[in-house]
Number of protein chains: 2
Amino acid sequence: MTTTVEFISKLRNSGLRPTKQRIKICEVLFNKEKTFHFTINDLVKIIENEANEKISLATVYNTVHAFEKKGYLKEIPIDSNQSYFDTNIADHHHFYDIAEKKLIDLKQTDVGPINIQKTIPGKKIKSVEVLVKLETDNQ
Amino acid sequence: MTTTVEFISKLRNSGLRPTKQRIKICEVLFNKEKTFHFTINDLVKIIENEANEKISLATVYNTVHAFEKKGYLKEIPIDSNQSYFDTNIADHHHFYDIAEKKLIDLKQTDVGPINIQKTIPGKKIKSVEVLVKLETDNQ
DNA sequence: TCAACAGTTTAGAATGGTTTTAATGTAATT
DNA sequence: AATTACATTAAAACCATTCTAAACTGTTGA
Ligand SMILES: [Mn+2]
Ligand SMILES: [Mn+2]
Ligand SMILES: [Zn+2]
Ligand SMILES: [Zn+2]
């Protein structure tokens with residue numbers, strides 16, 4: 001449980017003005033028991049259901065990208081034509097249920113350590129992400 | 001070096017009629033020394049440069065998806081709004097150079113075995129893909 | 001051999017997620 | 001309060017991809 005005042009501080013400390021819209025999006029994203037995965041469309045629907053206010057699509061995109069840049073959200077790479085975001089910013093991996101189009105978290109311990117044995121001169125590793133695609137098991 | 005006759009057989013054996021367009025795309029994709037990664041736009045440009053013929057964009061999409069379905073190509077999941085394909089259909093992983101927007105193959109031995117310790121009832125693993133994002137190493 | 005059929009190609013339109021535009025609104029600063 | 005910079009918005013633009021429907025081509029079998 002995080003208070004509105006804390007979200008305002010968080011935004012100010014990030015150099016983002018604490019607008020009504022950004023605070024509402026903070027509440028929707030970061031005031032939950034558990035972390036979760038969402039698309040922009042999911043987020044718009046959650047906002048519509050939880051609040052009376054409407055936030056324009058452009059602002060939702062702007063805010064999600066601002067939060068991603070600040071490290072408050074992660075984008076999950078999936079072979080898909082729409083972006084998936086994650087409020088779980090810890091290093092972790094994913095199942096992707098192809099039929100349901102849903103992401104499921106994998107803990108580091110579910111996958112084990114991954115050591116990349118190759119290097120590219122002038123480049124360093126920014127992230128290592130494992131995506132495990134799931135299909136229906138017909139026996 | 002694969003002959004046109006062999007591509008025709010390959011197509012016929014897959015239940016795909018060996019049209020002029022599909023044979024040309026086979027030549028562009030599968031008659032190379034090394035495997036490579038490409039977007040649809042890349043492929044269209046390669047075709048334009050290597051041939052006098054033009055192949056419509058719709059046909060390029062159709063053919064790439066047909067080849068993907070038959071297992072002659074793989075789609076690589078990247079955080080991007082465009083699809084990346086791979087003529088290397090062996091199990092392997094990738095570096096993704098964010099600045100260059102280029103994929104680089106990682107051999108299985110560059111990554112080591114990955115054992116997923118979690119299961120989901122009624123689901124089975126279809127693929128396990130590691131994506132290692134690279135950024136510029138300043139220092 | 002060739003008509004008939006099914007599969008394929010094509011230009012262009014449509015789709016849909018995302019970004020841009022530019023006018024209006026609001027938070028911060030003085 | 002006035003100024004300034006930043007933010008929101010509806011609508012338009014963008015752009016990768018898919019769809020449409022008409023023309024074309026490979027295949028089959030009489
Ligand atoms: Mn993003
Ligand atoms: Mn595909
Ligand atoms: Zn996650
Ligand atoms: Zn590859």
Side-chain angles (χ1 to χ4, degrees), chain A residues 4-5 7-28 37-48 51-70 72-73 75-85 101, chain B residues 4-5 7-28 37-48 51-70 72-73 75-85 101:
Chain A
T4 299
V5 176
F7 288 134
I8 291 174
S9 299
K10 181 176 181 169
L11 288 167
R12 274 223 190 78
N13 293 338
S14 310
L16 299 169
R17 287 184 181 171
T19 63
K20 196 174 55 162
Q21 292 85 349
R22 284 172 176 165
I23 293 164
K24 169 51 70 184
I25 293 174
C26 277
E27 285 166 355
V28 166
H37 308 104
F38 65 93
T39 65
I40 295 290
N41 233 2
D42 294 338
L43 181 52
V44 167
K45 277 179 195 151
I46 296 169
I47 294 167
E48 280 174 6
N52 300 327
E53 321 146 42
K54 259 175 214 133
I55 301 179
S56 78
L57 194 55
T59 296
V60 176
Y61 273 100
N62 288 343
T63 303
V64 165
H65 283 135
F67 287 1
E68 187 195 1
K69 201 169 233 171
K70 294 297 176 185
Y72 305 148
L73 290 174
E75 190 165 3
I76 308 300
I78 300 182
D79 154 21
S80 166
N81 61 335
Q82 86 186 298
S83 292
Y84 283 71
F85 296 91
K101 298 188 180 184
Chain B
T4 301
V5 176
F7 287 135
I8 290 174
S9 300
K10 181 176 181 168
L11 289 166
R12 273 223 191 78
N13 293 338
S14 311
L16 300 170
R17 287 187 183 169
T19 63
K20 196 176 54 161
Q21 293 84 351
R22 283 172 176 164
I23 293 163
K24 170 51 67 184
I25 293 173
C26 277
E27 285 166 355
V28 166
H37 308 102
F38 64 93
T39 65
I40 295 289
N41 232 2
D42 294 337
L43 182 51
V44 167
K45 278 179 196 152
I46 296 170
I47 293 167
E48 281 175 4
N52 301 327
E53 321 147 40
K54 259 174 214 133
I55 302 179
S56 77
L57 194 55
T59 296
V60 176
Y61 273 100
N62 288 342
T63 302
V64 165
H65 283 135
F67 287 0
E68 187 195 1
K69 201 170 232 171
K70 294 296 176 183
Y72 304 148
L73 290 174
E75 191 166 1
I76 309 299
I78 301 183
D79 154 23
S80 165
N81 59 336
Q82 89 184 295
S83 291
Y84 283 71
F85 296 91
K101 296 189 182 185

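Residue numbering restarts at 1 for every chain, and letters A, B, ... go by the order of the sequence lines.
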Whole-Å gap separating [atom2] ([N]) and [atom1] ([X]):
X	N	atom1	atom2	answer
A:E75	C:dT19	CD	C1'	14 Å
A:D79	C:dG17	CG	P	16 Å
A:N62	D:dA5	CG	C1'	16 Å
A:R22	C:dA27	CZ	P	11 Å
A:L57	C:dT21	CG	C1'	15 Å
B:I55	D:dC24	CD1	P	18 Å
B:K20	D:dG26	NZ	P	9 Å
B:L16	D:dT27	CG	P	11 Å

Are any of [X]'s side-chain N or O atoms less than 4.0 Å away from OP1 or OP2 of [N]?
X	N	answer
A:R12	C:dA28	yes
A:Q21	D:dT9	yes
B:T39	D:dA16	no
B:R17	D:dT25	no
B:Y61	D:dT17	yes
B:S83	D:dT17	yes
A:T19	D:dA7	no
B:H65	D:dT17	no

Nearest to the side chain of A:Q82, which nucleotide is it out of C:dT10, C:dG17, D:dA11?
-> C:dG17
Of C:dA28, C:dA11, D:dT8, the nucleotide closest to the side chain of B:A58 is C:dA11
Closest-nucleotide 5' rank along DNA chain D - winner of B:I40 and B:P18 |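 First, find each residue's nearest nucleotide; the 5'-ward one identifies B:I40.
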Residue pair A:C26 / A:F67, side-chain heavy-atom distance below 4.5 Å = yes
Just wondering, do A:F38 and A:L73 contact through their side chains at under 4.5 Å, heavy atoms?
->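 Side-chain contact under 4.5 Å: yes.
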Say you draw a straight line from OG1 of A:T19 to CD1 of A:I8; how long is it, rounded to the nearest 0.5 Å?
-> 10.0 Å
Contact nearer the 5' end of DNA chain C, comparing B:V60 with A:N81 = B:V60
Could you go step by step and tell me if A:K24 and A:E27 meet the salt bridge (Lys or Arg N to Asp or Glu O under 4.0 Å) rule?
-> CA-CA 5 Å; A:K24 169 51 70 184; A:E27 285 166 355; 3.6 Å; yes
Do side-chain atoms of B:R22 reach the backbone of B:T63 as a donor and acceptor pair under 3.5 angstrom?
-> no
